[in-house]
**Q** 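Dumping the structure here so I can ask a few things about it.
Start at 1 and go down the list; that is how both ligands and their atoms are numbered.
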Amino acid sequence: MGNPVTPLEKLETIPRLTLAFAPTPVTELARLRAFLGPGAPKLFLKHDDYTGPGFGGNKVRKLEYVLSEAIRAEADTVVTCGGIRSNHCRITAALCAGIGLRCELVLNTPQGAPEDTASLWLDHLYGATVHRVSSREERGAAMAQAAEFLRRQGRKPFVVPLGASTPSGALGFVRAIAELRQQTPALDWIFHSTSSGGTQAGIDAGLQLHGLNQVKLTGVSADDSAESISSAVMEIRQGVGEHVGAVLGGPVEVDDSFVGPGYGLSTPECEEAIRLLARHEGVVLDPVYTGKAMACLLARVRAGSFKPNETVLFWHTGGAMGHFRAPAA
Ligand SMILES: Cc1ncc(COP(=O)(O)O)c(C=O)c1O
């Protein structure tokens, strides 16, 4: 390519690893729509639960860019963090194993959460070193400490922030919009689960860069307030703009009314959403992220928020491993 002139051409020049099994399929949720009745919009689902390594999920797209940065920094070890059933950590561990980097994970256990999660078991199986802390607040300092310890041993650590939600990680979702637009009719809405904000920032930036400003994007919070997630999304989105030479702005919609009692704690609406998608479509949502996001979409359909001729896409970001425990020893 000659000198990149547009932001999308610039994106093509930014190094990344090819790690995701993409394009991920898009399916129409016709049976769910029929169940919801005549007022329901056309419903589609993008299967980013099928992105491949580490049993798939939204993190693979982000890590294509972030792990490329780690390799260019000549790192030998990736250090990152999450909860004890973190999808991000499990996927990072799998990808590191596949590209020959060591992986160190700082994991916190929310009070009362099970210790024997399938994700933790897989983290060990993929060969990651696990450091345990008792709260979310301790993770940042524990990652810095682990990185410092590695440096003193002559190793080269590369710290990946929570959820790989950096502007370069979000570029993975800018690319995903190019993929999506080949797969669907014109969309009116996209719904997805949001937490550390990188997925939403990337989708939002991708829609703007592809001239799809008419598509309304709603992130449904898995944990934090709408205010704090939307300010994270705007900050990451601005960083995406700086990477590709574009000015990106506009409002960000985060709905935080489906979190229930807290992160990782189920709600009746979440359980209903998981059951409906399984029984009507054979699709498994997860109890921490996508179940709550789908609960929000279902509530809006039932409230008559969409017209029957509108088209809504639900972006399945993965996480079904959250249903499972480690195999018996
Ligand atoms: C399954 C799943 N869905 C959605 C999210 C939220 O994505 P993000 O952290 O990019 O906002 C995460 C990560 O935290 C996740 O693991």
**Q** Only counting residues at least two apart or in another chain, list the ones meeting side chain to side chain contact (heavy atoms under 4.5 Å, CB included) with Ser135.
**A**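 With sequence neighbours excluded, Ser135 shows a side chain to side chain contact (heavy atoms under 4.5 Å, CB included) to Glu137, Glu138, given in chain and number order.
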**Q** For Arg102 and Thr77, which I'm curious about, is there any donor-acceptor pair between the side chains at under 3.5 Å?
**A**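 There is no such pair between these side chains.
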**Q** Can you tell me which residues line ligand 1 if we count any heavy atom under 4.0 angstrom from one of its atoms, in chain and number order?
**A**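 For ligand 1, the contacting residues are Asn58, Lys59, Lys62, Asn87, Ser165, Ser193, Thr194, Ser195, Ser196, Gly197, Gly198, Thr199, Tyr289, Thr317, Gly318, Gly319.
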**Q** Are the side chain of Arg90 and the backbone N or O of Gly54 linked by a donor-acceptor pair below 3.5 Å?
**A**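 It does hold such a pair.
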**Q** With a cutoff of under 4.5 Å between side-chain heavy atoms, which Ile, Leu, Val, Met, Phe, Trp and Tyr residues group with Ile84?
**A**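 Via sub-4.5 Å side-chain contacts, Ile84 links to Leu105, Leu107, Leu120, Val130.
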**Q** Quick test of your reading: applying side chain to side chain donor-acceptor pair (under 3.5 Å), list the pairs with at least one residue in residues 182-192, sequence neighbours left out, ordered by first then second residue.
**A**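 Only Lys46-Gln183 qualify under side chain to side chain donor-acceptor pair (under 3.5 Å).
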**Q** Check for a donor-acceptor pair, side chain of Glu9 on one end and backbone N or O of Val5 on the other, with a separation under 3.5 Å.
**A**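 Yes; judged by distance alone, with no hydrogens or angles, the pair exists.
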